[in-house]
Amino acid sequence: GAVVSQHPSRVICKSGTSVKIECRSLDFQATTMFWYRQFPKQSLMLMATSNEGSKATYEQGVEKDKFLINHASLTLSTLTVTSAHPEDSSFYICSARPALRGYTFGSGTRLTVV
Amino acid sequence: AQTVTQSQPEMSVQEAETVTLSCTYDTSENNYYLFWYKQPPSRQMILVIRQEAYKQQNATENRFSVNFQKAAKSFSLKISDSQLGDTAMYFCAFLPLQGGSEKLVFGKGTKLTVNP
């Protein structure tokens, strides 16, 4: 149980276009989800906290207009990278907390902007 | 602010041997959780083990165990009988329980290689 599904696993897009990444909790409801970015050989960096039915909370230094987060239901959060540039290329991971004691992570999305 | 420090960027161990990964953290809180996550080459984050700060007994999950020293703010992971499949990045993480924040604080990770 407690599975978080993330799609797509890989995406290549052209510079200037937008890309949407979905994160779904399959067998539990998640009022809060988390979006991370991970650069090669580095740790996970929290970008924002997604809140169902309200605005996301962004970490300092993360551009709200570039990384749009929508959490319209208790099982789905989306991250849209708008007007993508090559420097946005990275590995993006979502997570949710199905129980008090732990987190479950999606399998990640490798974004390449060309 | 809470911080998590993993002082070993890389480690290696021979198959079937035991290895210990270090983690220290800094917090003024008394109630929190600590985790070790494994990230293999697939990059899927996998929970290895968790520890509640109020529990004195060290957590154990099969070949994985922790040495939790609350006063010293230390949370090391011991992997016994290392297997090739244990090769991965290992992240130590801290979760405060006070203040309403659900944000995990990660260390920078330790790359573990198990050699045949």
Side-chain angles (χ1 to χ4, degrees), chain A residues 1-11 21 23 25 28 30-52 54 56-60 62 71 77 90-112, chain B residues 1-11 21 23 25 31-55 59 61 66 68 87-113:
Chain A
V3 176
V4 171
S5 175
Q6 185 173 345
H7 292 283
S9 57
R10 292 174 181 264
V11 59
I21 302 170
C23 182
S25 57
F28 66 97
T31 56
T32 303
M33 291 187 177
F34 304 89
W35 288 96
Y36 296 86
R37 183 173 182 176
Q38 186 179 30
F39 292 102
K41 299 184 180 180
Q42 293 190 25
S43 188
L44 281 69
M45 180 188 76
L46 180 65
M47 299 174 63
T49 302
S50 171
N51 304 298
E52 187 269 334
S54 64
T57 305
Y58 290 82
E59 296 300 303
Q60 190 173 7
V62 177
H71 195 152
S77 175
S90 192
F91 192 70
Y92 294 88
I93 309 175
C94 67
S95 77
R97 192 178 178 189
L100 183 64
R101 300 188 302 153
Y103 289 77
T104 300
F105 289 81
S107 54
T109 298
R110 185 185 302 276
L111 170 63
T112 304
Chain B
Q2 294 94 352
T3 58
V4 176
T5 301
Q6 294 179 247
S7 59
Q8 307 149 315
E10 294 191 35
M11 292 194 71
L21 307 184
C23 173
Y25 57 96
N31 295 319
Y32 48 87
Y33 289 132
L34 292 162
F35 305 89
W36 278 98
Y37 281 94
K38 168 185 177 181
Q39 189 179 41
S42 68
R43 304 191 79 169
Q44 172 73 57
M45 292 287 285
I46 302 167
L47 176 66
V48 174
I49 200 165
R50 70 166 67 89
Q51 175 80 44
E52 291 91 336
Y54 66 86
K55 289 186 177 180
E61 289 287 343
V66 298
F68 173 48
T87 293
M89 282 290 292
Y90 286 81
F91 294 100
C92 179
F94 172 93
L95 174 65
L97 295 181
Q98 296 165 316
S101 171
E102 295 184 78
K103 299 179 185 177
L104 274 174
V105 180
F106 284 96
K108 291 188 175 182
T110 296
K111 182 180 179 182
L112 176 67
T113 302

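Lettering of chains follows the sequences in order, A, B, ..., and the numbering in each one begins at 1.
Within residues 39-48 of chain A, the residues approaching chain B closer than 4.5 Å by heavy atoms are, in numerical order, A/F39, A/Q42, A/S43, A/L44, A/L46.
Separation of atoms CZ (A/F105) and CG (B/L104) is listed at 5.5 Å; rounding is to 0.5 Å.
Residue B/K111: no heavy atom, backbone or side chain, is found under 4.5 Å from chain A. A/T32 touches chain B through its side chain: at least one heavy atom from C-beta onward sits under 4.5 Å away, while N, CA, C and O do not.
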With a cut-off of 3.5 Å and sequence neighbours excluded, list every side-chain donor-acceptor pair involving residues 34-41 of chain B.
residue	atom	partner	partner atom	Å
B/W36	NE1	B/F75	O	3.2
B/Y37	OH	A/Y103	O	3.4
B/K38	NZ	B/G85	O	2.8
B/Q39	OE1	A/Q38	NE2	2.9
B/Q39	NE2	A/Q38	OE1	2.9
B/Q39	NE2	B/R43	O	3.0

